[in-house]
Amino acid sequence: MESKKMCLGLFTGSVDKLTAAGVILSGAAAMDMKVDIYVLLQGARAFKKEIGDDAGKLQMAENPELKSEFMQSLKNLNVKSWVEFFREAKEITDVKIHICGLAGKIWGGEKLDDFIDLADDICGIGAYLSSAEEADINLFI
């Protein structure tokens with residue numbers, strides 16, 4: 001049986017939603033899904049090399065005043081960072097991470113080397129729309 005496909009439009013650049021995306025991605029990897037992630041707008045900022053896994057440079061989308069409590073809870077529970085979730089999923093299953101060209105340019109990312117090593121390519125919005133149309137599961141975070 002052919003594995004299911006998931007398309008994830010990753011608009012967010014907040015540590016809480018990136019962590020949630022990482023948990024979802026981990027579940028998809030455990031189910032051996034093929035996953036295409038399209039990093040859009042604020043998400044592209046989080047994938048920049050100078051931001052990457054530095055949670056201190058990321059905000060919370062919901063209840064920003066709870067960031068320190070959220071980060072401490074993740075540490076106490078020994079929960080991986082969002083980048084570690086993404087990296088581990090890429091090692092387990094077929095995960096491709098595509099940076100939206102416009103989003104990258106907004107944050108000063110013109111070429112693939114401007115982003116952390118998880119990014120596979122830079123593409124246009126049409127690639128995201130085509131992938132979303134073909135996916136068994138389509139999420140937008």
Give the table of side-chain donor-acceptor pairs shorter than 3.5 Å for residues 128-140, with sequence neighbours excluded, one pair per line with atom names and distance.
from	atom 1	to	atom 2	distance (Å)
S130	OG	G126	O	3.1
D136	OD2	K5	N	2.8

Please tabulate, for the side chains in residues 21-35, all donor-acceptor contacts under 3.5 angstrom to protein atoms that are two or more places apart in sequence or on a different chain.
from	atom 1	to	atom 2	distance (Å)
D32	OD1	T93	OG1	3.2
K34	NZ	D36	OD2	3.3

Counting only pairs under 3.5 Å, give me each side-chain donor-acceptor contact of residues 57-71, with atom names and distances, residues two or more places apart or in other chains.
from	atom 1	to	atom 2	distance (Å)
K57	NZ	E50	O	2.9
K67	NZ	A55	O	2.7
K67	NZ	L58	O	2.4

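At a threshold of 4.5 Å between non-hydrogen side-chain atoms, the residues R45 and I106 do not count as touching. The shortest distance between side-chain heavy atoms of L8 and I141 falls below 4.5 Å. When side chains are defined from C-beta on, F85 does not count as touching L18, because their heavy atoms never get closer than 4.5 Å. F86 is not listed as a side-chain neighbour of I116, based on a closest heavy-atom distance of 4.5 Å or more.
A continuous path of Ile, Leu, Val, Met, Phe, Trp and Tyr side chains, each step under 4.5 Å between heavy atoms, connects L102 with I125, placing both in one hydrophobic cluster. Hydrophobic cluster membership differs between I37 and L40, with clusters built from Ile, Leu, Val, Met, Phe, Trp and Tyr side chains linked at under 4.5 angstrom. Y38 is not connected to F47 by any chain of hydrophobic side-chain contacts under 4.5 Å among Ile, Leu, Val, Met, Phe, Trp and Tyr, and they are in different clusters. In the hydrophobic clustering of this structure, L41 does not group with V39; members are Ile, Leu, Val, Met, Phe, Trp, Tyr whose side-chain heavy atoms approach within less than 4.5 Å, directly or through other members. In this structure, M6 is not a member of the same hydrophobic cluster as F11, with clusters built from ILVMFWY side-chain heavy atoms closer than 4.5 Å.
Screening residues 118-127 for side-chain hydrogen bond (donor to acceptor under 3.5 Å, both in side chains) gives K90-D120, H98-D121 as the qualifying pairs, with residues at least two apart or on separate chains.
Taking the side-chain contact (heavy atoms from CB on, under 4.5 Å) definition, one finds that I122 meets it with I99, L112, F115, sequence neighbours left out. Annotation: side-chain hydrogen bond (donor to acceptor under 3.5 Å, both in side chains) contacts of S14 (sequence neighbours excluded): T12, D16.
The two residues D94 and K96 come nearest to each other via the heavy atoms OD1-NZ, 3.4 Å. Listed here is the closest heavy atom pair of A44 and A103: CB-CB, 3.7 Å.
Put simply, the side chain of D54 never gets that close to the backbone of I51: no donor and acceptor are under 3.5 Å apart.
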